[in-house]
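Everything quoted here is computed from the prediction, not taken from an experiment. The basis for the numbers below is simple: all heavy atoms, side chains too, and nothing from hydrogens, waters or symmetry mates. Just so we're on the same page: letters track the sequence lines, and every chain starts at 1.
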Number of protein chains: 2
Amino acid sequence: MPAPLIEPVGRLIEAFARLPGIGPKTAQRLTFHILRAPDAEARMLAAALIAVRDEVVFCERCFNISDAPVCAICLDPGRDATRLCVVEEPLDVLAIERTGEFRGVYHVLHGAISPIDGIGPDRLRIAELLTRAEARAAEGAPFDEVIMATNPTLEGEATAMYAAERLAPSVGSVTRIARGIPVGGDLEYADDVTLVRSLQGRRAMG
Amino acid sequence: MPAPLIEPVGRLIEAFARLPGIGPKTAQRLTFHILRAPDAEARMLAAALIAVRDEVVFCERCFNISDAPVCAICLDPGRDATRLCVVEEPLDVLAIERTGEFRGVYHVLHGAISPIDGIGPDRLRIAELLTRAEARAAEGAPFDEVIMATNPTLEGEATAMYAAERLAPSVGSVTRIARGIPVGGDLEYADDVTLVRSLQGRRAMG
């Protein structure tokens, strides 16, 4: 019988192919790259994978990535704990932190409601968000504002609406980030929905 | 200061982004997948990476992947050692082996000449191919036939031409795999170059 693909190679192709968005052809290409790459490159990737699993946890309060049970933002006494920003992903926290515009705390949902992908509210950290808001309300210190900063996509909008409705009774107010023409963008090339949102969201000048 | 992306996460994103065809956005997506995936999935990928580096070598004769210094095909006394098939990648060996049509031995170049990608003949196992052919010729047992089975792409054709020219003095004959209409394909939709090759490669029937 002809020699089959030797076993460790087949196993790495399979492991790569299990990653989202990596098909069998890409998995093969990555595997043969690893076979030919400098030894340090393959070992650094392996070590980084293990380190992420060993050293990174999700904050038990906001579900952002953390290296301690409660993350640095949640523990920071300088942050305004009455303002909560709800995002889909840990990377969204990073993006907002980079702006320096928000000094409150976060809640990471880890996704958005997407019926076609089979992702219902129960797959997200929405129950924990409601519990968190209700606990503060029960203590007589409800969140003043919950900013729904999910993506302005179908899924993000659905998620924002779903959560906002349920949060309303236990928080001061629920707001939604503005949707509009991006800075540097061109009205002429904006899609209709964005243009409508931009008009609806208009504000007094000066 | 706001919490930066915690260190192991940044390191894994970087390690993924070093893989070919994986941009920074995909690297982020893969990293967050790993963070959320079952523990076994991340550890299997890491173990598979290490195993491939520790257990897989390239055959010192044909440069196919192997788990021993000389691969199973090269060592198989049932193979016709006078017929050599030259391919670009180890996966091409696998594809040809699957057909059961070839009982000779292989030589894997590990790529094709591609000036725009900065890949010259010196980056491939072409020198080793010539040495191998010349050594057999010097022993009075030259290869009867060397089949150039590089891909029918610009790069593969250039590689086949480059190697064929240099092999000619020391081997019986150098042949090239047929280019033509794929089986099950449709003449009407074939590109002109393929159609020309298909006509040029016509053979007597019956």
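- Atom CG of Leu154(B) is surrounded by 12 or fewer heavy atoms from other residues, nucleotides or ligands within 6.0 Å.
- Applying a 4.5 Å heavy-atom cutoff, the residues of residues 34-58 of chain A that approach chain B are Ile34(A), Leu35(A), Arg36(A), Ala37(A), Pro38(A), Asp39(A), Glu41(A), Ala42(A), Arg43(A), Met44(A), Leu45(A), Ala46(A), Ala48(A), Leu49(A), Ile50(A), Ala51(A), Val52(A), Arg53(A), Asp54(A), Glu55(A), Val56(A), Phe58(A).
- Between Arg11(A) and Glu7(A), at least one side-chain nitrogen of the basic residue sits less than 4.0 Å from a carboxylate oxygen of the acidic one, meeting the salt-bridge criterion.
- A salt bridge links Arg176(A) and Glu157(A); the closest N-O separation between the charged side-chain nitrogens and carboxylate oxygens is under 4.0 Å.
- With sequence neighbours excluded, no residue forms a side chain to side chain donor-acceptor pair (under 3.5 Å) with Thr159(B).
- Heavy-atom distances place no part of Thr26(B) under 4.5 Å from chain A, backbone and side chain included.
- For the pair Arg166(A) and Tyr162(A), the cation sits on the ring face: its NZ or CZ lies under 6.0 Å from the ring centre, inside 45° of the axis.
- For the pair Glu139(A) and Arg136(A), the salt-bridge criterion is not met [side-chain N within less than 4.0 Å of a carboxylate O].
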